[in-house]
K.L.:
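Right, I'll just put the structure down here and ask away after.
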Amino acid sequence: MSELIVDAVLPAVRKRSAFVAFNMRLIQEKPLGAVGGGVFLLFMFCGIFANFLAPFEMNYTDLTQRLQPPSWAFPFGTDHLGRDVLSRVLIGAQISMIVSFLAAGLATVISIVVGVTSGYFGGKPDMVIQRGVDAWMTFPDLVLLIVVVSIVGPGIPQIVVVLGLLYGIAGSRIVRGAVVTVKENMYTHASLSIGAPTFHVMRKHVLPNIMPVVIVLFTTRIGAVILAEAGLSFLGLGVPPPAPTWGSMLSGTGRTYMYLGPWLALAPGLCITAVVYAVNIYGDALRDLLDPRMRGSQ
Amino acid sequence: MSSDTLLDIEHLSVSFRTDRGKVRAVSDLSLSLKRGETLAIVGESGSGKSVTALSILRLLGDNGVIDHGRVVFEGRNLLSLSTDEIRRIRGDRIAMIFQEPMSSLNPVLTIGKQVAEPICLHRDKNWDEAFEIAVELLTKVAIPDAKERLDDYPHHFSGGMRQRVMIAMALACEPRLIIADEPTTALDVTVQAQILALLNELTEQSQTALILITHDLGVVARYADRVAVMYGGRIVETADAKELYANPQHPYTVGLMASIPGIEGDAGARLITIDGQPPDLADLPSGCAFATRCQHAHDACRTSIPALDPVEQNPSHRSACFGYPL
C-alpha cells in the first residue's frame, strides 16, 4: 500500500493513475475524511463560480421581499433589505476561499522557510530562531489582529498578511520538528556525501520528505483562517461591508434579526461550521494516510 | 610521499563535544593508501573506524571536531579546503557507501534520480544524459532491466539491491577512492558475499582505491590488500593482509584471530573471547588502551602509550606494543 502514498503525493502528482489510486484509498479507508474532502471541493467550486451560481446580484435589494423565510424563490430566505441570502452566502464563500487560500498559503510558505532553516541548521541559528518564535507566540492572536487592523484599517490584504504571519510562525514549529527527524536519516548524510550543496539537500531531500506534514498543515490552516476571518468580521474588523462575508452576516443582520429571521444567522453559521468541520476531518484523514509513522502499518 | 600514494592521513585526532565533555574518538592516527589499493580498517564498535572514515570527507556532523592532523588526498589537504571545495570532492573524487542500505536511499525519489544525481552535480550533463549513465551503472551492478527500474522507488528494491544501487551511486563519477562503512552489516550472509565480491570486482576493474570498514575478519582475509586494526581510537597494528594472518603481533589482533570459530574445532568447544569490555573513550587509561584486557600487560603498558613501530625490521608491518615480558 505504501507505494500509493509516495507515488501519489510526492513527485507532484506526476503519475496520474497513482493520484487516482490515492483518492480511492482515501474513500475506502477514511470515508468520513472523503466526505470532508467532498464538502471542501464543493466549497471551492462555489467559491470559484459564485458569480455564475448566485441567482441574484449580492447587493440587489428588493424592499417588497424583506425578511422572507426560505422558499423556492429564495432557498435561504432574504434579509432586512430584501437581499437574497443564498447569493450573499455564495459570494461569502468566495471571499472566505480567497482569504483562506492566500493566508494559509502564506502561512505554509513562512512555516517552511522558518522551520526548514531552523531545523536543518540546528545549533545556534535554531536556538535564536526558536526563541524568536517563542516570543512571537506570546502575543495573543486576537489582540495583535485588532491592533494591526485598527492601525492600517480593515481589508483583505491586511487580514491575509496578519493571519499568514500568525499561523506561519506558529506552524514553523511543526515543520521544524519534522525536519529534525528527516535530517537525522541516513539519506540526508548520504546526499551530503555525494557532494550536494546545502540548499540542494534542503530542497531535494528534506522538503519532499516533510510534504505530508506540510499538506496537513495547509489544510488545517485553511479551517483556522476561515474561523479567524469570520471572528474578525464578527467584530467588524474583517473585510469591510458591503462585501458579504460569513462573519459579518452573522454579526450584522444575523444577530439583529435573530428572532424575526433565524435563517439569516443559520445560513452563514452552518456554512462556517460545515466547511471548517469538513476541512478538519479531511486534514485528519490525510494525516493518517500520509504520516510516515503510519506507513506500512495497515 | 611517493607518487602512487593516493591518501595520506597524518596524525589525525578527532573528538566529539558531549555532555560529559570532550571525548577523543580518534587519537594521532596515521595511515596511507596507494592508488587502487584496498585497505580494511578493523575494530570493534567505538574503536574509531567510522569516525576516521567520516573525517576524511569532513562529514562528522555538528559536534565532531578535528583537533589536528592532515588528510592529504591527491596532494591536497582536505581539512584545509573551503566548504565548497570539499563539496566538489565528495561524490566525485571520493565516494562513500553507508552501512544501512535500507535508509541510505531517499524514499521519495526514484532510483534513477538518485543514481543520476551525483553525475548532475559534478559533471556538466543534463538529466537525460545522466539517466543514460545511470542505466549503464545499474547494469554494471547487476540490476536486471535497469532501464525499466529507473522510475521505481527504493521500497520496490530489496536490501541487497539497494546496496547495489548505493554502489552504483558511488561509482557514478568514477571516484579514485571509495569508502565503504560496513557495507554489508544489514544484509543476509549470502547477499553480503555477493555485494563484497561485486564491490571488489568493480574497484579492481576501475583501479579505484577502497577503504573497507568492517568488523568481519573473514571479509578482510578475502578482499583486503592491507589491514589496519583499531582499538580505543588508535591503530594498534597494520600489515599486509596475508602477513597479518600469518604473523599477528599485537595481543589484541592475536585475541581477535583466536576468537574466530574455526571449522575444524571441536563442535562442543567454547568460543574463545577477549575478557573485559571495550574502553570508555571518555575515560581512557593513561597507557595502552588495551592494557586492562591484555594478559601480557606489564607496568610500562599502564603508564605510557606504545608507538606504532615496525615489526622485525619489516616497514610494512607495524604494531603498537611494548612486547611481551621476557
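Excluded from the calculations below are hydrogen atoms, water molecules and symmetry mates; all remaining heavy atoms, backbone and side chain alike, are included. Chain letters run A, B, ... following the sequence lines, proteins first and then strands; every chain starts at 1.
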K.L.:
Compare every heavy atom of P197(A) with every heavy atom of L121(B), then report the nearest pair and how far apart it is.
P.N.:
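In this case the closest contact between L121(B) and P197(A) is CD2-CD, 3.7 Å.
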K.L.:
Is there a side-chain contact between Y187(A) and P154(B) (heavy atoms, below 4.5 Å)?
P.N.:
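Sidechains of P154(B) and Y187(A): no contact.
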K.L.:
Check P208(A) against V108(B) and note the closest heavy-atom contact, atom names and distance.
P.N.:
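Looking at all heavy atoms of both residues, the shortest contact is CB-CG2, 3.4 Å.
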K.L.:
Report yes or no: do Q114(B) and H205(A) form a side-chain donor-acceptor pair below 3.5 Å?
P.N.:
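The answer is no; no qualifying pair exists.
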K.L.:
Minimum heavy-atom separation for S104(B) to A190(A), with atom names?
P.N.:
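Nearest heavy atoms, S104(B) then A190(A): O-CB, 3.6 Å.
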K.L.:
Inspect the surroundings of CZ in R20(B) and state if more than 12 heavy atoms from other residues, nucleotides or ligands are less than 6.0 Å away.
P.N.:
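No - once you tally the heavy atoms of other residues, nucleotides and ligands closer than 6.0 Å, there are 12 at most.
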K.L.:
Taking all non-hydrogen atoms of both residues into account, name the closest pair between M186(A) and S103(B) and its distance.
P.N.:
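Heavy-atom minimum between the residues: CB-O, 3.3 Å.
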K.L.:
For atom CG of D134(A), is the number of surrounding heavy atoms from other residues, nucleotides or ligands below 6.0 Å larger than 12?
P.N.:
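Yes - once you tally the heavy atoms of other residues, nucleotides and ligands closer than 6.0 Å, there are more than 12.
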K.L.:
Would one find more than 12 heavy atoms of other residues, nucleotides or ligands at under 6.0 Å from atom CD of E174(B)?
P.N.:
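Counting neighbours around CD of E174(B), 12 or fewer heavy atoms of other residues, nucleotides or ligands fall under 6.0 Å, so no.
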K.L.:
Please determine, among D92(B), L105(B), L57(B), the option with the most heavy-atom pairs under 4.5 Å with chain A.
P.N.:
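If we count pairs closer than 4.5 Å to chain A, L105(B) comes out on top.
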K.L.:
Determine yes or no for a side-chain-to-main-chain donor-acceptor pair under 3.5 angstrom, with H122(B) supplying the side chain and I194(A) the backbone.
P.N.:
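Yes; at least one donor-acceptor contact below 3.5 Å.
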K.L.:
So which part of L59(B) gets closer than 4.5 Å to some heavy atom of chain A, the side chain, the backbone, both or neither?
P.N.:
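The side chain, not the backbone.
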K.L.:
Once you round to the nearest 0.5 Å, how far does CD of E100(B) lie from CG of N185(A)?
P.N.:
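The distance works out to 9.5 Å.
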K.L.:
Looking at chain A, which one of Q99(B), R88(B), M169(B), E117(B) has the largest number of heavy-atom pairs inside 4.5 Å, strictly under?
P.N.:
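Answer, by heavy-atom pair count under 4.5 Å with chain A: E117(B).
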K.L.:
Would a 4.5 Å heavy-atom cut-off, applied to side chains only, mark S191(A) and N106(B) as touching?
P.N.:
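Of all side-chain heavy-atom pairs linking N106(B) with S191(A), none is under 4.5 Å.
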